[in-house]
Amino acid sequence: MNLINQFASLKKLPSAQALVPVLVLLVLVMMLLPLPAVMLDILFTFNIGLSIVVLISALNIKSFKDFVSFPTLLLITTLMRLSLNVASTRVVLLDGHQGPDAAGKVIEAFGRFLVGGNFAIGVIIFLVITIINFLVITKGSGRVAEVSARFALDSMPGKQMAIDADLNAGIIKQDEARQRRADVAQEADFFGSMDGASKFVRGDAIAGILILAINLIGGVISGVFLHDMSMGSAFAQYGVLTIGDGLVAQVPGLIISTAAGILVTRVATEENFSQQLSEQIGRNQNALLVAAGLLFVLGIIPGMPHATFLTLGLLFGGLGWVLRLRHQQAAQVAALMPSNESAPSELGWVDVPVIEPLCLELPYRLVPLVDRGEDSDLIKRIKAIRRKFIGEVGFLTPSIHIRDNLQLPAETYRFLVYGGEVGRGQCMPDQVLAIAPEGSPQLPGLQVKDPTFGMPATWVPRQERDNAVAKGYTVVEPAVVMATHIDTLIHRHAHELLGRQETQELVDHIKESFPKLVEDVVPKVVPMATLQRVLQLLLEEGVPIKDLRTVLESAAEHIANQPDPLELLPHIRQALRRTIVQKALGSAKEVRVLGVQPQFESLIEQAMGPAPVAPDGAIEPGLLRLFFDEVMQGVDALEAQGISPVIVCSAKPRLTFARIVKKLRPQAVVLAMTELPLDMNVKFERMLCAQTAGQ
């Protein structure tokens, strides 16, 4: 497990989560409280080890997204170095006269052994490290982060549009789109934070120089005037401590800055930096061979160090030759392998296309209605349609996939359910649809039928909107026309969208509220297939299935005697009668409806026999034609009076009548007499098929 995975696993521990705030507080406390020399040794060693861990982690990650906490970590490590400088300065000025190890063994090692105790060499090395860190690494990585942040911000709108286009086309899911948007925003935030974090390192370098001067001047003054040391011995004593203190802080700073430069300059791939470098150099064996040749040439020139150049030339040449042999062997193996072009691969299930449940196909002229992704008016309205459907019907529909279809006419869209067309309409993207009221004057423009209700309408230019409104027309935007049509089609085919998967998810959802009910009923008493079919029958007649608790309880009560879903349906409708009647008739206590002559009902029941619904061809054609005519006349008469068309009949033939009426007048509702409330005053405007009374 690499270091990143180890850190990821540590984050899950509560103790690890509490460690970071405690560490930050301790860093601040180190500036105020005096620390013994032993503690300084431990903290300086920890600081060096932490910087090495950060550098190795930066080398091993595959993308900056694996180390987004680096800007904050850069601030914390910089603050730690400054705190250690303050703590060590206190010890150097107080106890520096006691010897070179007064501030700890680590400072003594850096001041004496690394620079040989020579103050001039130590100052030069300190300044060189500071200049490299400040002017080269930190300034360069800050510039790269600044440019990357600008590019990320400039490209953000285009990336967002590409994500929305993939989402609308069904290439990605909503969760993946949300994650991609977060990644795009995170990229700009990271490089912007890195640009600002580089200022911390710049300030740290300046502070290091000032602390060096303060330690030296303050130490010499303290040694001469407080501890009776000579100027030379005080300068030598405090010089070693000062240089050691400066170097022990700047070396970890250089390592952290190097990690920051690696992190912002590398290109994110599926490989870490070491894998990238080894693979890319391995593909360029010629570069190694050319370098080996030049080293050999330099090695034979008189006066040059022959052994060094010839040895390294031999090393480079041998490495290049080995890599070339490996490349040739890989090419030979690839040549022996069968080509994909000459021998096509075996087909698998991945080649089988999955049909989208809901799909909206647009011609090229209507694509601008969705080209702004989530901000498009049509996309927003489609989302509102699904949200409204959940509230009205009671289950979640599949996502509507939007794709272009260049074979469609320029202004014609179509809506598909499981790959089959269920509706199409005409839409003019640069005009508005004016729906004509009865008896209104005709407007100039393209005369069409409203795709949802079939009412006469006219597509008019947008500048004619006010004129159309003044004449009593209802003016609708193109996106509203399409959204209303889609809403109607989804409600009409809701029973086709409720498959076994959706039924299971619906049951799982209600189980959170009624766990005991679901555990006792599904599938022990009511099989999942039976429940799905009952819900489809309800949806087919426009009955909401929000009250799934009542459906399950009623089904469990009657399934022992009527296991057939068609036989269960009347009992479940009886349990849902309040919802059904209110949806069809509202809350009025007096209603006007159409009735069915009892004699005609008796004839239909005889044709049905014991079946819950009349099979095809069971009704005598003459009676069926008579019922057709009566229904159309009766429904048209009610609608002419502004009354919602409702037909009331006895319970047994209700489903048969409902299926017949749906083919003739889908807007009409057929209710059983037993479903009506007892306190409702029902007035029959007309009795259908009254001619059969004398038969």
Side-chain angles (χ1 to χ4, degrees), residues 157 160-170 174 177 356-393 396-417 421-437 443 445-469 473-494 497:
Q160 295 282 11
M161 290 180 61
I163 294 170
D164 294 336
D166 290 345
L167 177 62
N168 296 328
Q174 185 68 37
E356 300 152 351
L358 297 175
C359 180
L360 174 63
E361 292 187 345
L362 301 177
Y364 71 92
R365 280 210 61 194
L366 299 184
V367 170
L369 293 176
V370 295
D371 61 356
R372 290 190 296 132
E374 298 291 331
D375 295 330
S376 302
D377 187 28
L378 181 59
I379 299 296
K380 293 179 180 178
R381 293 185 181 277
I382 288 177
K383 288 184 177 180
I385 286 173
R386 296 185 66 207
R387 190 176 298 108
K388 172 173 167 284
F389 184 89
I390 294 173
E392 291 180 351
V393 180
L396 179 65
T397 66
S399 299
I400 300 176
H401 296 268
I402 302 176
R403 65 188 181 200
D404 58 339
N405 186 345
L406 302 181
Q407 298 179 351
L408 289 174
E411 293 91 14
T412 301
Y413 64 90
R414 68 172 187 164
F415 193 69
L416 310 177
V417 174
E421 180 179 333
V422 296
R424 67 168 57 199
Q426 189 175 16
C427 186
M428 311 295 289
D430 53 350
Q431 299 185 23
V432 292
L433 184 67
I435 302 176
L443 292 176
L446 179 62
Q447 306 297 321
V448 295
K449 292 281 188 180
D450 170 38
T452 304
F453 306 106
M455 300 176 62
T458 306
W459 285 102
V460 298
R462 293 184 179 273
Q463 57 268 25
E464 295 294 327
R465 175 194 293 270
D466 295 338
N467 181 33
V469 173
Y473 279 74
T474 301
V475 180
V476 185
E477 290 288 332
V480 178
V481 174
M482 294 179 62
T484 306
H485 191 196
I486 292 172
D487 184 29
T488 303
L489 293 174
I490 291 178
H491 278 79
R492 187 177 300 169
H493 297 273
L497 302 176

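Scope of the values below: all heavy atoms of this structure, side chains included, with no hydrogens, waters or symmetry mates. Predicted model only: the values in this text are computed from it and were never measured.
Shortest non-hydrogen contact noted between Pro398 and Leu358 is O-CD1, 3.6 Å. Residues Cys427 and Leu366 come closest through the heavy atom pair O-CD2, 3.5 Å. Heavy-atom minimum distance, Ala410 versus Arg365: O-CB, 3.1 Å. Of all the heavy atoms in Gly423 and His485, the pair that sits closest is C-CE1, 4.4 Å. Nearest heavy atom pair, residue Ile385 against residue Ala483, reads CD1-O, 3.0 Å. The shortest non-hydrogen separation linking Met482 to Leu360 is CE-CD2, 4.0 Å.
A salt bridge links Arg403 to Glu356: at least one charged side-chain nitrogen sits closer than 4.0 Å to a carboxylate oxygen. A salt bridge does not link Arg387 to Glu392: none of the charged side-chain nitrogens sits closer than 4.0 Å to a carboxylate oxygen.
Arg381 places a side-chain heavy atom less than 4.5 Å from the side chain of Val480. In this structure, Arg465 and Glu477 have side chains that are in contact, with non-hydrogen atoms separated by less than 4.5 Å. The closest side-chain heavy-atom distance from Leu369 to Ser376 is not below 4.5 Å. By the 4.5 Å heavy-atom criterion applied to side chains, Ile490 and Thr397 are counted as neighbours. Looking only at side-chain heavy atoms (C-beta outward), Tyr413 and Pro451 come within less than 4.5 Å of each other. Proximity of Arg414 to Val422: side-chain heavy atoms (C-beta onward) are nowhere separated by under 4.5 Å.
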Exercise for the section: Assess whether side chain to side chain contact (heavy atoms under 4.5 Å, CB included) is satisfied between Trp459 and Val481, documenting all intermediate values. Expected result: CA-CA 11 Å; Trp459 285 102; Val481 174; 4.2 Å; yes

Practice task
In sequence, state the C-alpha distance, the side-chain angles, and the governing distance for Asn405 and Leu362, and then conclude on side chain to side chain contact (heavy atoms under 4.5 Å, CB included).
Solution key: CA-CA 6 Å; Asn405 186 345; Leu362 301 177; over 6 Å; no

Practice task
Could you walk me through whether Glu464 and Val475 pass side chain to side chain contact (heavy atoms under 4.5 Å, CB included), step by step?
Solution key: CA-CA 10 Å; Glu464 295 294 327; Val475 180; over 6 Å; no

Practice task
Apply side chain to side chain contact (heavy atoms under 4.5 Å, CB included) to Ile402 and Ile382, showing your working.
Solution key: CA-CA 10 Å; Ile402 302 176; Ile382 288 177; 3.8 Å; yes

Handout entry: Trace of the salt bridge (charged side-chain N to carboxylate O under 4.0 Å, His left out) decision for Asp487 with Lys388
Key = CA-CA 9 Å; Asp487 184 29; Lys388 172 173 167 284; 2.9 Å; yes

Practice task
Give the intermediate values and the outcome of side chain to side chain donor-acceptor pair (under 3.5 Å) for residues Gln447 and Thr458.
Solution key: CA-CA 5 Å; Gln447 306 297 321; Thr458 306; 2.9 Å; yes

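Pairs passing the ring-ring contact (aromatic ring centres under 6.0 Å, His included) check and including a residue from residues 364-391, sequence neighbours excluded, read Phe389-Phe395, Phe389-His491.
In this structure, CG in Asp371 is found 12.0 Å from CG in Asp404, a value given to the nearest 0.5 Å. To the nearest 0.5 Å, the span separating OH on Tyr473 from CG on Leu433 amounts to 10.5 Å.
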